[in-house]
Amino acid sequence: MGNLEVHGMTKFSRHIDKLLKPKITEESVVLDLFAGCGGLSLGFEAAGFRTVGYEMIEEAVESYNVNLKGKCFKQFLTVGFDYAEMDKIDIIIGGPPCQPFSRFGNQKGIEDSRDGFPVFIDAVKRIMPKVFVIENVANILGRHKWYFEIIVEEFRKLGYTVDYQIVNAVDYGVPQNRERVICVGHKSKFSYPEMVERKTTVRDSIGDIMYIVDENSKILTPRQDEYIAIYEQKSHCITPRDLHEDQPARTITCRNLAGATSDMHRVKLPDGRRKRITVREAARLQTFPDWFVFSGTEIKQFNQIGNAVPPLLAYKIALKVKETYNLNLKD
């Protein structure tokens, strides 16, 4: 267990705690649309940018404002909304709600009232930032690719070069397999972050706490264990869906943190019992620092974590955006 330290944290989690401390060094303002609890903004603040966010869920707004240096406003966004400091915004980032495009939803896409792309496009049209970044589920390049291509063409009409590709967070140091589309609009050139040589594992992230059981631990019942066994048998599951120390985690989502038993993220304890992972364990697997405090009930905290962009991935993207931003300033 050489990756653990005596202070109750793994080396990796201690590294994250230091790396992702907000440190504002840039004058430019980053506008974060559909900001959630601030996973994307946290990465940009750690890279030196000042942020301003907009989010409609109260508890997520509270989490953002408690932990980040930037200000997040509770607001349901509509086309034509006037954002704070519009004349100072140089970069727009955001993850428009993914439910219209997720494989686990109704996949109504453009017909879903939660589609946030019209708001994002409108903000880009009126502010004309030097760079913008969009994060969304990989499935938007599947069944909904025709709609995504329309969105990209709208940006190109505004004079932006648009790069997009599916990235897996595990390739950038996040201890979790998480495929998402990262789309970047700019007017110079952009390169995606370099991939890591070694994947970060569950042990690297939560090896110091994953087997701890106390009065707050949620232990699965025999009935739940039986349900999981039936599910895995029917789905021809070769590898149990428990967390495995020597591998990255499965994708963290709202659904598998506080939802269905069969898909639940859990740890198999040495005595054979299963423990549902805690808020802090889920947060670490998303690369939130231990000092990051989530507001609201446990379910609301899980939802904030599951919806977030892993801050470590956001930080690495932000560093590349900074290179592109500086090139734009020279042009």
Side-chain angles (χ1 to χ4, degrees), residues 19-20 22-35 39-54 70 83-96 116-136 138 140-141 145 147-169 171-174 179-196 309-331:
L19 180 69
L20 296 180
K23 36 188 176 290
I24 311 305
T25 59
E26 303 292 325
E27 294 183 2
S28 55
V29 174
V30 175
L31 171 64
D32 190 351
L33 304 177
F34 317 104
L40 196 50
S41 278
L42 179 58
F44 274 76
E45 288 198 359
F49 292 104
R50 184 163 68 89
T51 67
V52 57
Y54 288 86
Y83 302 96
E85 301 186 86
M86 285 184 67
D87 59 329
K88 297 180 181 178
I89 295 168
D90 280 340
I91 299 169
I92 300 178
I93 62 177
F117 279 103
V119 167
F120 200 102
I121 293 170
D122 173 70
V124 171
K125 282 182 177 179
R126 292 189 297 122
I127 296 172
M128 292 300 292
K130 293 179 173 62
V131 188
F132 65 80
V133 179
I134 300 172
E135 181 264 1
N136 214 276
I140 200 169
L141 292 184
K145 188 173 183 181
Y147 179 42
F148 187 73
E149 289 175 345
I150 291 174
I151 295 166
V152 169
E153 185 57 30
E154 286 294 307
F155 292 132
R156 287 174 176 157
K157 288 177 182 177
L158 296 173
Y160 290 98
T161 298
V162 182
D163 296 312
Y164 61 87
Q165 69 179 47
I166 295 174
V167 304
N168 191 334
D171 293 325
Y172 303 94
V174 178
E179 288 191 334
R180 293 293 186 268
V181 172
I182 301 297
C183 173
V184 181
H186 56 89
K187 295 186 178 180
S188 54
K189 65 178 181 178
F190 175 80
S191 59
Y192 287 84
E194 294 76 20
M195 295 184 182
V196 297
V309 176
L312 177 60
L313 175 61
Y315 170 71
K316 294 188 175 183
I317 291 170
L319 293 179
K320 290 298 184 179
V321 166
K322 182 181 285 190
E323 293 177 6
T324 300
Y325 171 77
N326 289 333
L327 284 173
N328 282 343
L329 288 180
K330 295 177 182 179
D331 292 342

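Numbers for residues simply follow the sequence, beginning at 1.
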(request) Would you check if Val30 and Ser41 make a side-chain contact, meaning some heavy-atom pair closer than 4.5 Å? (result) no
(request) Check whether any side-chain heavy atom of Val119 sits under 4.5 Å from a side-chain heavy atom of Pro96, and report yes or no. (result) no
(request) Let me see the working for Gln165 and Ile182 under side-chain contact (heavy atoms from CB on, under 4.5 Å), right down to the final yes or no. (result) CA-CA 6 Å; Gln165 69 179 47; Ile182 301 297; 5.8 Å; no
(message) Within the structure provided, determine whether Val124 and Leu158 are in side-chain contact (heavy-atom separation under 4.5 Å).
(response) yes
(message) Taking the side chain as everything from C-beta on, heavy atoms only, tell me whether Val321 gets closer than 4.5 Å to Ile317.
(response) yes
(request) Please name the pair of heavy atoms, one in Lys316 and one in Tyr172, separated by the smallest distance, quoted to 0.1 Å. (result) NZ-O, 2.8 Å
(request) Output the distance between atom NZ (Lys189) and atom CG (Asp163), rounded to the nearest 0.5 Å. (result) 12.0 Å
(request) Give the intermediate values and the outcome of salt bridge (Lys or Arg N to Asp or Glu O under 4.0 Å) for residues Lys320 and Glu194. (result) CA-CA 10 Å; Lys320 290 298 184 179; Glu194 294 76 20; 2.9 Å; yes
(request) For the residue pair Tyr192 and Phe190, categorise the inter-ring angle as parallel (less than 30°), tilted (30 to 60°) or perpendicular (more than 60°). (result) perpendicular
(request) Could you tell me whether the side chain of Tyr160 reaches within less than 4.5 Å of the side chain of Lys187, counting heavy atoms only? (result) yes
(message) Check this for me: Glu153, atom CD, are more than 12 non-hydrogen atoms of other residues, nucleotides or ligands nearer than 6.0 Å?
(response) yes
(message) Nearest 0.5 Å, please: how far is CG in Leu31 from CD1 in Ile127?
(response) 5.0 Å
(request) Give the minimum heavy-atom separation between Phe120 and Val133, together with the two atoms involved. (result) CZ-O, 3.6 Å
(message) Looking at every heavy atom in both Val29 and Val52, which two are closest together, and how far apart are they?
(response) CG1-CG1, 3.8 Å
(message) Checking Thr51 against Asp32: is there a side-chain donor and acceptor pair closer than 3.5 Å?
(response) no
(request) Report yes if some heavy atom in the side chain of Tyr315 is under 4.5 Å from a heavy atom in the side chain of Pro193; otherwise report no. (result) no
(request) Please assess Asn136 against Phe148 for the test side-chain contact (heavy atoms from CB on, under 4.5 Å), listing each intermediate value before the final yes or no. (result) CA-CA 11 Å; Asn136 214 276; Phe148 187 73; over 6 Å; no
(message) Can you confirm whether Lys88 is buried at NZ, in the sense that more than 12 heavy atoms of other residues, nucleotides or ligands lie under 6.0 Å from that atom?
(response) no
(message) So Ile134 and Tyr164, do their side chains get closer than 4.5 Å, heavy atoms only?
(response) no
(message) So, taking the atom named OG in Ser28 and the one named CZ in Arg50, what distance separates them when rounded to the nearest 0.5 Å?
(response) 9.0 Å
(request) Kindly indicate, with the supporting measurements, whether the criterion side-chain contact (heavy atoms from CB on, under 4.5 Å) is fulfilled by Ile92 and Tyr83. (result) CA-CA 11 Å; Ile92 300 178; Tyr83 302 96; over 6 Å; no
(request) For residues Pro118 and Tyr147, report the shortest heavy-atom separation together with the two atoms involved. (result) CD-OH, 4.0 Å
(message) Distance check, rounded to the nearest 0.5 Å: Phe44 atom CZ versus Leu319 atom CG?
(response) 9.0 Å
(request) Give the ring-plane orientation class for Phe132 versus Phe155, where under 30° counts as parallel, over 60° as perpendicular and anything between as tilted. (result) tilted
(request) I would like to know whether Tyr325 and Asp90 meet side-chain contact (heavy atoms from CB on, under 4.5 Å); could you show each step before the answer? (result) CA-CA 8 Å; Tyr325 171 77; Asp90 280 340; 2.7 Å; yes
(request) Could you grab the distance from atom NZ of Lys23 to atom CD of Glu45, nearest 0.5 Å is fine? (result) 10.5 Å
